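To start, the structure itself, in structure tokens.
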Amino acid sequence: DLGDLTLERRFWESQDQKLVLPYYKQAIDQLIAIHGIEVPDEKTHPPFNLAFDTEKLEWELNYARKYFFEDFCGVVLTESESKSLAHEFHLICETLAHEKRVVCHRDYHSRNIMMKKNHLNVIDFQDARLGPAQYDLVSLVYDSYVELTDESVNLMLNYYRKEALEKHGRQFDDEHFEYIFDIQTIQRCFKACGSFASFWVTRKDKRYLQYLPRTIDRVGLTLKKTMPKSLLRELILDVQPLLSELIES
């Protein structure tokens, strides 16, 4: 029995964010261990025979397109816009799919990290599969349920790279690592918006709508940095002013 103390709860109980960073370092240590699991040559069973390939990553983005843009925000795309958005999705997913793959937890966020006697325990790993290390890192440091500062995010990413090198001899090119992290942020956080919207669309569950503004803002900010002229960014800029009214209605 792991109790009911999550990393999310510990985060919000802390008066100073610096007080919770040691627990995030423990979460990174757990992640290093997961990512260090040896992948066999014969990938015959989960999680090794599942992967964040282009098809799976695109499925996640199209899921978000349907539930967030179309069903929740009421966006209607022209045929030309639909093709342009599909092309952007494909480029994002192709980029991520070509990265070196590790074992990814897939839902590595503060509600799936339980704390008992100051020791971290990871739950909800049944959807684990192979993918880029940045997938889990984005899930943790850009978790929709908490608000890490930019300083804290950078500290955790630097700690991950240092520990990955020391524990597994994996060295990252900083510029490429950060670029893939940004592209993964777009993909992972937009998918989260689709999930939050789908809970409302499919079962009228409003609990997760409160996390939409923060999460879509993260997608928009990252697009401004990496894909400033993208249609995806234009669509997000169009719907952002409407979100508060849609959530309250």
Side-chain angles (χ1 to χ4, degrees), residues 6 8 46-47 50-78 81-90 92-93 96-97 104-113 123-129 131 134-147 183-223 230-249:
T6 62
E8 178 197 17
L50 302 170
F52 281 117
D53 53 18
T54 303
E55 181 181 6
K56 180 61 178 176
L57 292 164
E58 281 192 71
W59 182 91
E60 290 192 343
L61 289 179
N62 284 313
Y63 179 93
R65 166 184 165 168
K66 169 179 167 50
Y67 284 107
F68 176 68
F69 275 152
E70 297 174 5
D71 294 347
F72 186 72
C73 296
V75 173
V76 178
L77 299 176
T78 66
E81 288 173 332
S82 184
K83 288 181 179 179
S84 294
L85 191 59
H87 179 64
E88 290 178 7
F89 284 175
H90 186 72
I92 289 169
C93 298
L96 297 172
C104 286
H105 177 282
R106 194 191 184 190
D107 285 312
Y108 201 75
H109 55 71
S110 62
R111 291 187 176 177
N112 287 334
I113 299 173
I123 63 171
D124 199 18
F125 48 81
Q126 69 274 6
D127 290 326
R129 63 190 58 226
Q134 285 89 338
Y135 194 98
D136 284 339
L137 285 166
V138 170
S139 299
L140 180 66
V141 302
Y142 286 150
D143 175 3
S144 298
Y145 306 127
V146 301
E147 293 183 78
I183 299 300
Q184 187 65 80
T185 296
I186 296 166
Q187 193 277 338
R188 178 72 176 92
C189 292
F190 188 57
K191 160 58 169 60
C193 291
S195 296
F196 298 149
S198 75
F199 300 149
W200 165 247
V201 172
T202 61
R203 58 178 190 254
K204 302 307 178 190
D205 186 344
K206 295 188 67 171
R207 290 176 298 168
Y208 295 88
L209 295 183
Q210 62 182 305
Y211 305 114
L212 274 175
R214 181 192 309 161
T215 309
I216 203 65
D217 284 353
R218 174 57 56 192
V219 181
L221 287 171
T222 310
L223 283 166
S230 64
L231 176 60
L232 180 57
R233 181 174 179 238
E234 290 180 17
L235 292 171
I236 288 172
L237 289 172
D238 286 343
V239 302
Q240 279 175 313
L242 309 174
L243 279 184
S244 295
E245 182 177 347
L246 288 169
I247 291 169
E248 291 171 3
S249 64

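If you read the sequence from its start, that first residue is 1, and numbering goes on from there. Note that the coordinates shown come from a computational prediction; the quantities given were computed from them, not determined experimentally.
Applying the side-chain contact (heavy atoms from CB on, under 4.5 Å) test to Arg207 and every residue at least two apart in sequence or in another chain returns Asp205. Residues passing the salt bridge (charged side-chain N to carboxylate O under 4.0 Å, His left out) test with Lys83 are Glu79, sequence neighbours excluded. Taking the salt bridge (charged side-chain N to carboxylate O under 4.0 Å, His left out) definition, one finds that Glu234 meets it with nothing, sequence neighbours left out. Scanning for salt bridge (charged side-chain N to carboxylate O under 4.0 Å, His left out) contacts around Arg129 gives an empty result, with sequence neighbours left out. Listed by chain and number, the residues in a salt bridge (charged side-chain N to carboxylate O under 4.0 Å, His left out) with Glu58 amount to none (sequence neighbours excluded). Remark: His87 engages Leu91 in a side-chain contact (heavy atoms from CB on, under 4.5 Å) (not counting sequence neighbours).
At least one side-chain heavy atom of Phe68 sits under 4.5 Å from a side-chain heavy atom of Val239. Side-chain contact between Cys73 and Leu246 is present, with heavy atoms from C-beta onward closer than 4.5 Å. When side chains are defined from C-beta on, Ile247 counts as touching Phe72, because their heavy atoms get closer than 4.5 Å. Annotation: side chain of Asp53 is not in contact with side chain of Cys93 (no heavy-atom distance under 4.5 Å). Side-chain contact between Cys193 and Arg218 is absent, with no heavy atoms from C-beta onward closer than 4.5 Å. Put simply, the side chain of Lys66 does not reach to within 4.5 Å of the side chain of Val201, judged on heavy atoms.
Between the side chain of Asp136 and the main chain of His105, a donor-acceptor pair closer than 3.5 Å is present.
Within the cation-pi definition used here (under 6.0 Å to the ring centroid, within 45° of the axis), Arg111 qualifies as a partner of Tyr145.
The distance from the OG atom of Ser244 to the CG atom of Leu209 is 11.5 Å, given to the nearest 0.5 Å. The distance from atom CG of Leu61 to atom CD of Gln187, rounded to the nearest 0.5 Å, is 4.5 Å. To the nearest 0.5 angstrom, Ser230 atom OG is 7.5 Å from Ile236 atom CD1. Between the OG atom in Ser195 and the OH atom in Tyr67 there is a gap of 10.0 Å [rounded to 0.5 Å]. Summarising the geometry, atom CG belonging to Asn62 is positioned 11.0 Å from atom CG belonging to Leu57; distances are rounded to the nearest 0.5 Å. For the atom pair CG (Leu137) and SG (Cys104), the distance works out to 9.0 Å, reported to the nearest 0.5 Å.
Considering Thr222, Leu96, Val138 in turn, Leu96 is the only one that fulfils the side-chain contact (heavy atoms from CB on, under 4.5 Å) rule with Ile183. With respect to His109, the side-chain contact (heavy atoms from CB on, under 4.5 Å) criterion is satisfied by exactly one of Asp143, Leu140, Val146: Asp143.
In this pair, Phe190 and Phe89 present their aromatic rings tilted. The plane angle is within the 30 to 60° band.
The environment of CZ in Phe125 is sparse: at most 12 heavy-atom neighbours from other residues, nucleotides or ligands sit within 6.0 Å.
Closest of all the heavy-atom pairs between Arg233 and Gly220 is NE-O, 4.2 Å. Heavy atoms only, all atoms of each residue included: Cys189 and Thr215 are closest at O-CG2, 3.3 Å. Closest of all the heavy-atom pairs between Ser139 and Arg106 is OG-O, 4.0 Å. Taking each heavy atom of Ser144 and Phe196 in turn, the nearest pair found is OG-CE1, 3.5 Å. Considering all non-hydrogen atoms of both residues, Pro241 and Asp238 come closest at CD-O, 3.4 Å.
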* How far apart are the C-alpha atoms of Gln126 and Asp124, what are their side-chain angles, what is the distance that settles it, and do they pass the side-chain hydrogen bond (donor to acceptor under 3.5 Å, both in side chains) test? -> CA-CA 6 Å; Gln126 69 274 6; Asp124 199 18; 2.6 Å; yes
* **Derivation and outcome, side-chain contact (heavy atoms from CB on, under 4.5 Å), residues Leu85 and Leu235** => CA-CA 10 Å; Leu85 191 59; Leu235 292 171; 4.1 Å; yes
* To do: Run the numbers on Asp107 and Arg188 for salt bridge (charged side-chain N to carboxylate O under 4.0 Å, His left out), then give the verdict.
  => CA-CA 10 Å; Asp107 285 312; Arg188 178 72 176 92; 3.5 Å; yes
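Residues Ser198 and Tyr63 bring a donor and an acceptor atom of their side chains to less than 3.5 Å of each other.
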